[in-house]
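Report on one structure; see the data block that follows.
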Amino acid sequence: MARSGRKNGRLQMGEISFQKHLIDRYGRSVDYARISLTDRCNYRCIYCMPEKGVEWVPHSQIISYEEILFLVARMFDIGIRKVRFTGGEPFVRKGLTSFLREVNERIPDMKIALTTNGALLAKYAGEIQNMKLAGINISLDTLDEGKFSEITRGGELSEVLKGIEAVKDFGIPIKLNAVLMKGFNDLEIPDMLNYASNKGLLLRLIEFMPLDNEVWAKDRFISSLEVIDRISKLDSWAPVILNNEPSLPMGPAKYFKNSTTGQCIGIISAVTSHYCENCNRLRINSSGMLRPCLFSNYNLDLRPVLISKDSEELFRIFSSALDMKPEIGVKQGKDEQRHMVQIGG
Ligand code: SAM
Ligand code: SF4
């Protein structure tokens, strides 16, 4: 889908022409979509949802695998080249691995990746071993059993560690994602770095995001600048920033390399330094709402066109979503779906 004409330096909406390329009003190329497969989760992480839980989307409103297959195929037609399946927890949705196989078969050139809490990875490892996956991001905020149970409200660390062990040698790129919270896991950074290094995996440290007043505790926030400062004070670490390293994944993380050991680490400044300038993504939640920006509360309903399989209308909705993509994501007003587990992280 291409835009024609420029006014005041901004690209203007033009005729929809299918040139397999999505460009938004600010000239950003959009080729990545995150699709939430479910809003259900087997954990209740304190930074992701409130203690009392959230009201689940009724099963009848969750987009079906068949609808998602149609969506992924049409998104490929208009230039989306990578889809990440997330949630909630994608592995709690029945039939996930068969669905992934089908995406691979039907849209073989679409890169597919997963974000998971890892709890069910060991169980499904055999089924994903030979799958063509562009990557698996596994959340791991702490290596302390008690803290793990506390942050996930009842999760078992050993399950996740078993899951990591089960998939780490499959040849699928694996990233470990840790959300940092002051006074909770920030002192564990050296242990996390050692763990990732021993397993040969890439660790990314993420700033705790204020999506949600019910779970956001400002005194828990620790900035990425502070994190990198602390890492540089470790005896074993001399971080050097990496720019445009082809072997490292594209995305919101800034990567640093330990000049003495060669270990790399990613830092995601989701709060202090917006990645917006290079934002290449759209989000679709489990009920088929297309969200142009994580922080804004605009949603466009794809469900009717997924049911009717109306490709033209679907392309028009994507075109509107591009127009709605803000230059910089700023949290706006009241948002009915404000918990990460509902938006699809
Ligand atoms: N259940 C899967 C998991 O935990 O990886 C996938 C969904 S989860 C919502 C996706 C990612 O969002 C996880 O890495 C999680 O740590 C992150 N996340 C959730 N709430 C967050 C917050 N308030 N700030 C930063 N990251 C958050
Ligand atoms: Fe579930 Fe992931 Fe949210 Fe934790 S972060 S509650 S595992 S969706």
Side-chain angles (χ1 to χ4, degrees), residues 34-54 56-57 83-93 96 113-121 124 135-142 147-157 159-160 163-164 167 174-182 184-186 192 201-224 227 251-253 266-275 281 283-286 291 294-295 329 331 335 337-345:
R34 296 174 74 98
I35 301 182
S36 172
L37 294 180
T38 176
D39 61 340
R40 270 74 168 168
C41 189
N42 43 356
Y43 288 169
R44 296 277 179 281
C45 300
I46 58 174
Y47 50 71
C48 184
M49 65 166 103
E51 189 162 13
K52 62 180 187 312
V54 295
W56 303 127
V57 172
V83 167
R84 176 173 297 281
F85 294 112
T86 178
E89 173 49 41
F91 279 97
V92 303
R93 181 156 177 180
L96 173 72
L114 281 176
T115 295
T116 173
N117 61 28
L120 295 168
L121 262 183
Y124 290 106
I136 306 179
N137 290 355
I138 305 171
S139 299
L140 182 68
D141 301 323
T142 171
K147 284 187 174 176
F148 188 86
S149 173
E150 184 185 337
I151 195 78
T152 56
R153 296 198 181 97
E156 273 190 41
L157 174 65
E159 288 175 338
V160 179
I164 294 171
V167 300
I174 309 259
K175 287 181 242 143
L176 301 178
N177 285 341
V179 177
L180 286 180
M181 286 149 283
K182 201 172 242 165
F184 178 75
N185 59 356
D186 56 329
M192 301 280 289
L201 303 174
L202 181 63
L203 175 67
R204 302 192 311 169
L205 301 174
I206 305 174
E207 280 179 350
F208 178 19
M209 280 190 277
L211 272 178
D212 183 341
N213 290 335
E214 278 182 68
V215 298
W216 166 247
K218 286 196 180 74
D219 53 344
R220 289 279 192 204
F221 181 73
I222 170 163
S223 75
S224 53
V227 171
I267 309 271
I268 303 186
S269 318
V271 178
T272 54
S273 156
H274 278 299
Y275 157 74
R281 61 194 57 191
R283 288 169 193 269
I284 294 113
N285 78 3
S286 58
R291 193 174 180 108
L294 174 62
F295 290 98
K331 205 171 161 237
D335 187 356
Q337 294 221 319
R338 65 195 188 286
H339 305 297
M340 192 69 119
V341 72
Q342 295 169 307
I343 300 169

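Counting from 1, the numbers follow the sequence of the chain as shown. Model, not experiment: these values are computed from the prediction. Both counts, for ligands and for their atoms, begin at 1 and track the order of listing.
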Give yes if a backbone or side-chain nitrogen or oxygen of [X] is under 3.5 Å from a nitrogen or oxygen of ligand 1, and no if not.
{"X": "M209", "value": "yes"}
{"X": "N137", "value": "no"}
{"X": "T115", "value": "no"}
{"X": "N177", "value": "no"}

Report task. Please report the C-alpha distance between F91 and F85 in whole Å, then the side-chain angles of each, then the deciding distance to 0.1 Å, and finally whether the ring-ring contact (aromatic ring centres under 6.0 Å, His included) criterion is met. Result -> CA-CA 10 Å; F91 279 97; F85 294 112; over 10 Å; no
Counting each atom of ligand 1 from 1 as listed, which ones have a heavy atom of [X] under 4.0 Å away?
{"X": "T116", "result": "2 (C), 3 (C), 5 (O)"}
{"X": "G87", "result": "7 (C), 9 (C)"}
{"X": "T86", "result": "6 (C), 7 (C)"}
{"X": "G88", "result": "1 (N), 2 (C), 6 (C), 7 (C)"}
{"X": "E207", "result": "25 (C)"}
{"X": "E89", "result": "1 (N), 2 (C)"}

Query raised in the report: Is K147 positioned over the aromatic face of F184, cation under 6.0 angstrom from the ring centre and no more than 45 degrees off axis?
Result: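 The answer is yes, since K147 meets both limits relative to F184.
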To the closest 0.5 Å, what do you measure between [atom1] ([X]) and [atom2] ([Y])?
{"X": "L205", "Y": "I222", "atom1": "CG", "atom2": "CD1", "answer": "9.5 Å"}
{"X": "M181", "Y": "R220", "atom1": "CE", "atom2": "CZ", "answer": "7.5 Å"}
{"X": "E159", "Y": "L121", "atom1": "CD", "atom2": "CG", "answer": "11.0 Å"}

Between [X] and [Y], a side-chain donor and acceptor under 3.5 Å:
{"X": "S224", "Y": "S269", "value": "yes"}
{"X": "E207", "Y": "T272", "value": "yes"}
{"X": "T86", "Y": "R34", "value": "no"}
{"X": "E89", "Y": "T116", "value": "yes"}

Query - N117 versus C41, closest heavy-atom pair with distance - result: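 Where N117 meets C41 most closely, the heavy atoms are ND2-SG, 3.8 Å.
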Requested in this report: Would you name the heavy atoms of P90 and L96 that are closest together and state the gap between them?
Outcome: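 Heavy atoms of P90 and L96 come nearest at O-CD2, 3.7 Å.
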Query raised in the report: Y43 and F148: aromatic ring centres closer than 6.0 Å?
Result: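 Yes; F148 has its ring centre under 6.0 Å from that of Y43.
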Query raised in the report: Which is closest to atom 14 (O) of ligand 1 by heavy-atom distance: A178, S139, A119, P90?
Result: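 Nearest option to atom 14 (O) of ligand 1, by heavy atoms: S139.
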Query raised in the report: With a cut-off of 2.8 Å, how many protein N, O or S atoms neighbour atom 4 (Fe) of ligand 2?
Result: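 That number is 1, waters not included.
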Query raised in the report: What are the atoms of ligand 2, with element, lying closer than 4.0 Å to any heavy atom of G88?
Result: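 Those of ligand 2 that fall under 4.0 Å from G88 are 8 (S).
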